[in-house]
Amino acid sequence: MHPRIPRQSAREQSGPPPVSPDGDVRLSAELTAVVSGARRRALRDGDRQIDTAHLLHSLLDADAEAYAVFDAEPQLPRLLGYLVQRSIGYGLRWQGSIEDSGAVPVVTTTEGLSPLAAGAMEYARARAEHRADGPARGIDLLAAILVDPESRAVEVLTRAGIDARAVSARIDDRLPGGLWGGPPRSSR
């Protein structure tokens, strides 16, 4: 009796290499999972696009390095509460609108992402390319979503009592060579 499923070689069993959203291999596997989680959140919340608050929530859920930036933050439970209740409370006023502060150039080529979220993805990729230490990671995206002070992610952080600039400084301190991979920062 022959098996119904033909045998596969070890290479075939592992399948093709993981492909990042939009076929982008410049994202780490962890960051690809973050974007997928943000996409599920946006769909569940009835939003047409992934915004920076979706990305922030997914980063905190799925990326240990990004979560560690907030680990000592006393307002972390409040932040998580705002993010969890987005679809029933705080974020209701965002439904049906597109996140775009106008402060950064609009990126229109990335489907499914708000202009700010698309810009943040490009910024994260650029940071990783500049550092030349591999694909973009969650920490790169976290730094990127904090750049625009009018992003939804920064708005949620502010509402929770967390200073986005202080978070950016903590990210900078965690990355070897600083935010853009320059010479290591001196200890303060």
Side-chain angles (χ1 to χ4, degrees), residues 15-71 73 75-77 79-87 90-91 94 98-100 104 107 109-148 151-157 160 162 164 167-168 170-176 179-181:
V19 177
S20 300
D22 304 323
D24 193 340
V25 295
R26 297 175 293 167
L27 302 179
S28 66
E30 294 81 10
L31 191 51
T32 300
V34 165
V35 173
S36 294
R39 183 169 286 123
R40 284 189 304 275
R41 279 187 173 77
L43 287 171
R44 183 192 64 223
D45 293 346
D47 295 328
R48 295 182 315 179
Q49 295 180 325
I50 298 169
D51 64 27
T52 58
H54 290 122
L55 292 171
L56 175 61
H57 192 174
S58 195
L59 280 165
L60 293 173
D61 275 355
D63 189 282
E65 188 177 23
Y67 185 88
V69 172
F70 292 94
D71 206 19
E73 184 64 56
Q75 300 299 333
L76 180 59
L79 172 62
L80 294 173
Y82 280 134
L83 291 169
V84 167
Q85 294 181 4
R86 175 187 174 136
S87 63
Y90 185 69
W94 292 332
I98 294 176
E99 176 188 37
D100 181 18
V104 294
V107 179
T109 59
T110 308
E111 279 189 46
L113 296 171
S114 73
L116 286 180
M121 294 297 291
E122 284 304 313
Y123 183 88
R125 290 177 188 119
R127 284 180 38 142
E129 287 173 8
H130 184 78
R131 277 198 327 271
D133 68 349
R137 302 186 329 242
I139 198 85
D140 295 311
L141 182 57
L142 180 57
I145 63 176
L146 300 176
V147 169
D148 190 326
S151 73
R152 290 179 181 172
V154 172
E155 185 177 336
V156 173
L157 285 169
I162 298 172
V167 173
S168 291
R170 287 195 300 263
I171 293 168
D172 191 14
D173 288 343
R174 287 178 177 272
L175 292 173
L179 215 51
W180 286 93

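We number each residue from 1, following the sequence as shown. Bear in mind the structure is a predicted one, so any value in this text is a computation, not a measurement.
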Residue pair [X] / [Y]: nearest heavy atoms and the distance that separates them:
| X | Y | answer |
| --- | --- | --- |
| Gly138 | Leu31 | CA-CD1, 4.0 Å |
| Ser58 | Ala33 | OG-O, 4.3 Å |
| Ala128 | Gly134 | CB-O, 3.6 Å |
| Ile162 | Leu76 | CD1-N, 4.5 Å |
| Ser28 | Pro135 | N-CB, 3.5 Å |
| Ala124 | Ala144 | N-CB, 4.0 Å |

Any non-hydrogen side-chain atom of [X] less than 4.5 Å from a side-chain atom of [Y]?
| X | Y | result |
| --- | --- | --- |
| Glu73 | Leu79 | no |
| Val35 | Met121 | yes |
| Arg125 | Asp140 | no |
| Thr52 | Leu56 | no |
| Asp148 | Val154 | no |
| Pro115 | Gln49 | yes |

List the steps and the verdict of side chain to side chain contact (heavy atoms under 4.5 Å, CB included) for Asp51 and Leu116.
CA-CA 7 Å; Asp51 64 27; Leu116 286 180; over 6 Å; no

What is the distance from atom [atom1] of [X] to atom [atom2] of [Y], rounded to the nearest 0.5 Å?
| X | Y | atom1 | atom2 | result |
| --- | --- | --- | --- | --- |
| Leu59 | Glu65 | CG | CD | 10.5 Å |
| Leu157 | Ser168 | CG | OG | 9.0 Å |
| Arg40 | Ile50 | CZ | CD1 | 10.0 Å |
| Ile139 | Glu30 | CD1 | CD | 12.0 Å |
| Leu113 | Arg48 | CG | CZ | 13.5 Å |
| Leu142 | Tyr67 | CG | OH | 13.0 Å |

Is it the case that the side chain of [X] and the backbone of [Y] share a donor-acceptor pair, with hydrogens and angles ignored and the cut-off at 3.5 Å?
| X | Y | value |
| --- | --- | --- |
| His57 | His54 | no |
| Ser151 | Ile145 | yes |
| Arg170 | Val69 | yes |

Results of side-chain hydrogen bond (donor to acceptor under 3.5 Å, both in side chains) for Asp63 - residues two or more places apart only:
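Once residues adjacent in sequence are excluded, Asp63 has no partner under the side-chain hydrogen bond (donor to acceptor under 3.5 Å, both in side chains) criterion.
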
Stepwise, does the side chain to side chain contact (heavy atoms under 4.5 Å, CB included) test hold for Leu80 with Phe70?
CA-CA 11 Å; Leu80 294 173; Phe70 292 94; over 6 Å; no

